[in-house]
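Every chain is numbered from 1 and lettered A, B, ... according to where its sequence line falls, protein lines coming before strand lines.
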Amino acid sequence: MSHAIEKPKDITIPAGSLWAKLPMLGGGAAVIGLGATLAASFGEGRARAMFSYLFAFEAVLAVALGALGWVLIDHTVRASWSTVIKRIAETVAVTLPVFVLLWVPIGTIGFHDLYPWTHEADAVLDRKRWFLSNGFFFGRAALYFVIWSFLSWTLYRTSVKQDTASEGELKGLTHRLWRLSAPGIILYALSQSFQAIDWLMSLQPHWYSTMFGVYYFAASILAFYAFMVLASMGLQRAGVMKTAITTEHFHDMGKFLYGYTVFWAYIAFSQFMLIWYANLPEETVFYMVRNTGGWHYVSYALPVLHFFVPFFFFLSRHVKRNRVALACGAVWTLVMHCVDLYWLVLPNYGTHGEGAHEAVLSVGWTDVAALVGMAGAFLAVFGYFLTKNKVVGINDPRLPESLAHENY
Amino acid sequence: MATATAQTLPNDINTRGDVVLEDPIAGREPLVRGGHDFHAVTEMVCKFNEVEVKKTPKSFLAGLSLAGAVATMFFGYVGYLFWEGPGIWGNNNPVGWAWDIVNFVFWVGIGHAGTLISAILYLFRQKWRTSINRYAEAMTIFAVICASMCVALHTGRIWMDYYLFPLPNQMGLWPNFRSPLEWDVFAVNTYFAVSLLFWFTGLVPDFATLRDRATNKWRQRIYGFLALGWRGSMRHWVTYEKAYQILAAFSAPLVLSVHTIVSFDFAVSQLPGWHTTIFPPYFVAGAIFSGFAMVNTLMLPARHFLGLKDLVTVRHLENINKVILLTGTLVGYAYGMEFFVAAYSGNEYEGFTFINRSFGPYWWAYWIMLSCNVVTPQLFWFKKIRTSVGWSFVLSIFVNIGMWFERFVITVTSLHRDFLVSSWDYFVPVTEVFFLLGTFGLFFTLFLLFVRFFPVIAMSEVKGVMPEANPHWEGYGDHGHGHAAHAAAAEVH
Amino acid sequence: MTAKSLWGVLAQYETPAAVFHACEKVRDEGYQQWDSCAPFPVHGLEKAMGVKPSKLPWAVLIVGVLGSSLMLFFQTWAMGNAYPFVVGGKPLFSLPAFVPIWYEITVLSSCVTAFLANWIMNGLPQPYHPAFASKAFERVTDDKFFIMIEATDPKFDLEKTTALLKSSGATMVEELEP
């Protein structure tokens, strides 16, 4: 641009702002929420509490995984509009290593209650043992976390190094990011698909769908964009990057929020349509458990509230360019994302093994506690890394383009 | 973004040919090379269109005659098909669908790259699309014509095809809207119609250019008629751009829906190998993959023969190859996921189908598909290869072959092993090769006619993304390569 | 006022920047019946001219919603009432199975509307325009930029308008006959 826009100066979190306190506040929420959930898991309500825990884990993990995928794609396509918000995304992604700790209760306390294949046996399950076996399951989980930690940590560290790098080093660092990202997408795609298969699809071990990994990806990137909108706005409230993130950037985030809402609906509808049309019992079981005991309300509500409402809401250019409206849309999307994940996880509670019954929708306090705790843990780590470094990659070679970005 | 571009412009702005900028970190390569101004762009694009009909180059006429001869053969073959019926094909129980559907899916898939380039890349503000969108869109339209021929001709009693449409009739009978084959009718027709409207809308300002430059009456009348009296009015451009944007916004999900619906033809069934939930995005990725390969196959010779190397640069080539690499890998993901879930499901029929696919009687088709679609595109990880014209051309042919075989694998190998062992059979084509060849003849005839008479590059759009099109542009920075127009622009500021 | 055979004046500019600033001038002088022409949509020129955003999206929205609802109704009626017939065990009212065609028709009706509305709102096709008589105007679809001010504009005055255009950087000004 002929009139080069000055680089922003308000790029560190001021001490005393809510963001600076986030590690404390989030940590508190995590201790209380997750503590209560785990406490509830000792005793009668163990299975129920662990289902709440898994739901919360996957719902929050989706945001972090969405961020990782987004950063990888962003580097690979050499995007420039998004450079002002890229560091925020990198910081969301760098929370991934912490999810190792958060995963531990799933692999220990809740393992048997959550996953029927660990102790049930029938002809079909016997043919699945090669994949659904304890050792392989834990090995894979370890592999996913290694991949995610490696990718997110390298991306974050390299990006932070750029802040202080000299002109010559900068080039090398940028190239390193680009070189890592394209092959990183492959690792990412495989690990995030298989974690969805391992931790969500195998809740109902007889059911299978080749689309499931893509479904989780759609949900995660959508949740990430919603979070991104809110985080950017929150940072501006705290006096960070007040002029650097413009309406143009929010407009673009709004467009992606809209686009991925459609993408989610496309994937969800295609999966439903094919199973509904072919009507094979081994597949329809997924929708059967979600069609009884109150769950059918959620099943009907999802397409309406998670697709049609946001679809028409985000349609207008004015909504995407209005901060209040966009924030409302983002909050709505996050809430519906949680409903979506709830709908994926909870119907499996009590529908397997001894004393199995029809799925019944009943929201318990552990659902809320687990979600609050998980979100708290995530935000604490997010806030910690955010306050530690600059909120924008100030030396990123694409930053001037991003600052001058305009929609037309 | 002008400064950023300026920093990386090659020192000699008149550098011609296939140069690659080493390190486009801070800026991006210019979209138009060689320091051309607006007028030069017009001249380059219109040059071939304005060659007088009588002076058409012999080599072009030779190509057109060859394609025309094959197209004529195709119509003869269609007559034969009318007379004899689909018995002239090898289709028989249990392989009821074979080359007819394979060709259909192949052609409709190729069409998708055109809409992707014109609509999706437009929405993503990928300005490089402007040099290639016109003929990619033309490719879409001709490919969809070929596709609809394949599918209309496979119905058996072809003269009853009007039953496919919801026409009121005295029996009060309507088509079955719950059938995926009926969805196809709507999807393909909508796709054709919308692509045509989109294409024509984009062509109007360029027809006006040809009209204004016409030196003989007929040329002026015909292009004048097509140009609708376009005069580049800014008040018109405002509405025009809005319409274009809306057409793009609708075409983008449309292109996804079309191949999704094509995948539904297979996936709503209960046949192992057809019924799998990943089919919709997998088909879409495959369609884009094959379409981009076809863009390369057509573009590389075209830019050479028409002298458009400054407009269609190595940057375009590299971007196309990156899309091929991405979509090829996505297709690979889908192949892998299908295989994995067949094993994971514990479903014997699924398991058998996939083992049979790779090691059964049609193993060769499967391995051709896998090597052409997943393995060879991986070569595009190397910058040397994805910026090389020769490599790109060869690999694009591989992809074309691989994607045809993908549809063959899905259609034929899934069918030839029925649930009932006594109906197992091995499909062998009879005269089908003329069917496939004929559609290529038709396609290339249309494409060559398009190249001859229509502007192959969207001039108005290319001019719009040149740096000097920005009213606030200040010239090429320190490099000082500006000619009169550039200097004037700088003076105004 | 002006001679009867005068339609307006046409001014030629060489660069997008020149026409951009000239448009701002003409707009600020308060002209109403005028236009600028360019071989491609010059970014921001509509703002320099003071042209309001197009109303076209509304036409598309209305017809799109209409077409969409009619098709859904039609499918429901044809499958459920006109010729009720169960095929493949699918219920008469099979909403999931109606979605694809419903969707296609939504797209088709919206796109056809966008296409037609584009030409109708622009008053095209228009076989003749006074500017077509100008030899210089042939370059409007190539590399030159033009401003034309119509004689019917209340502020139009041949001498003053010509002077304004010349002072705004026009390389050529000529009179147009209707």
**chain B contact via C:F146 - side chain, backbone, both or neither, heavy atoms under 4.5 Å** = neither
**Request:** Could you give me the CA-CA distance, side-chain angles and deciding distance for B:W230 and C:H129, then say whether side chain to side chain contact (heavy atoms under 4.5 Å, CB included) is met?
**Result:** CA-CA 10 Å; B:W230 182 261; C:H129 189 272; over 6 Å; no
**Complete:** For residues 90-102 of chain C against chain B, heavy atoms under 4.5 Å, the residues are C:K90, C:P91, C:L92, C:S94, C:A97, C:F98, C:P100, C:I101
**Item:** Distance-minimising heavy-atom pair for C:P39 and B:S460
**Value:** O-CB, 3.4 Å
**Prompt:** Top residue by heavy-atom pair count (under 4.5 Å) with chain C, among B:T260, B:V268, B:V204, B:L210?
**Reply:** B:V204
**Shortest non-hydrogen contact from B:G172 toward C:Y83** = O-CD1, 3.2 Å
**Item:** Region of B:E182 that comes under 4.5 Å of a non-hydrogen atom in chain C
**Value:** both
**Message:** Can a side-chain donor-acceptor contact be found between C:D35 and B:S233 if the only test is distance below 3.5 angstrom?
**Reply:** yes
**Item:** Pick from B:L173, B:T201, B:V462 with the largest number of heavy-atom pairs that fall under 4.5 Å of chain C
**Value:** B:L173
**Message:** Can you confirm whether C:V112 sits close enough to B:L197 that some side-chain heavy atom of one is under 4.5 Å from a side-chain heavy atom of the other?
**Reply:** yes
**Message:** Which atoms of B:P180 are under 4.5 Å from chain C, going by heavy atoms: the side chain, the backbone, both sets, or neither?
**Reply:** neither
**Prompt:** Below 4.5 Å, heavy atoms only, C-beta onward: do B:T42 and C:D143 meet side chain to side chain?
**Reply:** no
**Message:** To check you understand the geometry: which heavy-atom pair defines the closest contact between B:L228 and C:L124, and what is its length?
**Reply:** O-CD2, 3.4 Å
**Request:** Name the region of C:K52, side chain, backbone, both or neither, that has any atom closer than 4.5 Å to a heavy atom of chain B.
**Result:** backbone
**Message:** Heavy-atom cut-off 4.5 Å, strictly under: side chain, backbone, both or neither for B:M459 against chain C?
**Reply:** neither
**Request:** Determine the option with the most heavy-atom pairs under 4.5 angstrom with chain B, choosing from C:I105, C:L56, C:V51.
**Result:** C:L56
**Over all atoms of both residues, closest heavy-atom pair of B:W237 and C:A38** = NE1-O, 3.0 Å
**Prompt:** Of the backbone (N, CA, C, O) and the side chain (C-beta and beyond), which part of C:Y128 lies under 4.5 Å from a heavy atom of chain B, both, or neither?
**Reply:** neither
**Request:** Specify the closest pair of heavy atoms between C:A114 and B:A243, including all atoms of both residues, with the distance to one decimal.
**Result:** O-CB, 3.8 Å
**Asked** How about C:N118 and B:K242: do any of their side-chain heavy atoms sit closer than 4.5 Å?
**Response** no
**Request:** Could you tell me which of C:S110, C:G44, C:A48, C:A82 has the largest number of non-hydrogen atom pairs under 4.5 Å with chain B?
**Result:** C:S110
**Request:** For the residue pair B:R178 and C:Q75, confirm or rule out a side-chain donor-acceptor distance under 3.5 Å.
**Result:** no
**Asked** With side chains defined as the heavy atoms from C-beta onward, is the minimum distance between C:M49 and B:R235 less than 4.5 Å?
**Response** yes
**Message:** Show the nearest heavy-atom pair for residues B:M234 and C:L45, with the distance to one decimal.
**Reply:** SD-CD2, 3.6 Å
**Asked** Between C:W119 and B:Y240, how do the two ring planes meet: parallel, tilted or perpendicular, split at 30° and 60°?
**Response** tilted
**Asked** Mind checking whether B:F38 and C:F40 have ring centres under 6.0 Å apart?
**Response** yes
**Complete:** When rounded to the nearest 0.5 Å, the distance separating CZ of B:F250 from CG of C:L108 is 11.0 Å
**Request:** Look up atom CG in B:D212 and atom CZ in C:F132, then write down how far apart they are to the nearest 0.5 Å.
**Result:** 7.0 Å
**Prompt:** Where does C:A131 contact chain B at under 4.5 Å (heavy atoms): side chain, backbone, both or neither?
**Reply:** neither
**Asked** Does any heavy atom of chain B fall under 4.5 Å from the side chain of C:V60, the backbone, both, or neither of them?
**Response** side chain
**Asked** With a 4.5 angstrom heavy-atom cut-off, which part of C:W34 approaches chain B: side chain, backbone, both or neither?
**Response** both
**Message:** Quick check: do C:P57 and B:I246 have side-chain heavy atoms less than 4.5 Å from each other?
**Reply:** yes
**Message:** I'd like to check C:M148 versus B:R231 (side-chain heavy atoms, cut-off strictly below 4.5 Å). Are they in contact?
**Reply:** yes
**Complete:** Residue from C:V107, C:V140, C:T113, C:V19 scoring the most non-hydrogen pairs under 4.5 Å with chain B is C:V107
**Asked** B:V185 versus chain C, heavy atoms under 4.5 Å apart: side chain, backbone, both or neither?
**Response** neither
**Fill in**
Ranking B:E461, B:R213, B:R211 by heavy-atom pairs under 4.5 Å to chain C gives rank one to B:R211
**Asked** B:F177 and C:F74: aromatic ring centres closer than 6.0 Å?
**Response** yes
**Message:** Using 0.5 Å steps for rounding, measure from the CD atom of C:E104 to the CG atom of B:L254.
**Reply:** 5.5 Å
**Request:** Measure the shortest side-chain to side-chain distance between C:K144 and B:H39 over non-hydrogen atoms and say whether it is less than 4.5 angstrom.
**Result:** no
**Prompt:** Between B:A193 and chain C, which part of the residue has a heavy atom less than 4.5 Å away: side chain, backbone, both or neither?
**Reply:** side chain
